[in-house]
Amino acid sequence: MRPFLYQNGTVYDLGQVSGDLVNAVMYDCLQFHGGSGFMRESTIERMARDARVQSIGGGASEVMLEEVAKRL
């Protein structure tokens with residue numbers, strides 16, 4: 001994956017791919033831990049919340065894709 005991003009990636013692509021990857025990993029982690037992953041005291045819940053904020057804070061997926069399309 002890293003060589004692909006170095007060859008074809010832009011800043012927008014990197015943010016999109018990393019945000020999607022983090023959310024997918026945290027979703028699987030929450031599924032693995034079940035109900036205990038949603039408890040406020042758990043580290044898993046905090047990490048999942050931070051992962052969601054990262055994808056939102058980096059810019060909405062649709063907005064980033066529009067920026068990439070404009071630059072092509």
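Quick caveat, the model's predicted, so the values are computed rather than measured.
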**Student:** Mind listing the closest non-hydrogen atom pair of Ala51 and Val22 along with its distance?
**Tutor:**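 Taking Ala51 first and Val22 second, the nearest heavy atoms are CB-CG1, 3.1 Å.
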**Student:** Which value, rounded to the nearest 0.5 Å, describes the distance between Glu45 atom CD and Arg40 atom CZ?
**Tutor:**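 Interatomic distance, Glu45 CD to Arg40 CZ, rounded to 0.5 Å: 5.0 Å.
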**Student:** If you compare all heavy atoms of Met26 against all heavy atoms of Ala48, which two are closest, and at what distance to 0.1 Å?
**Tutor:**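 Looking at all heavy atoms of both residues, the shortest contact is CE-N, 3.5 Å.
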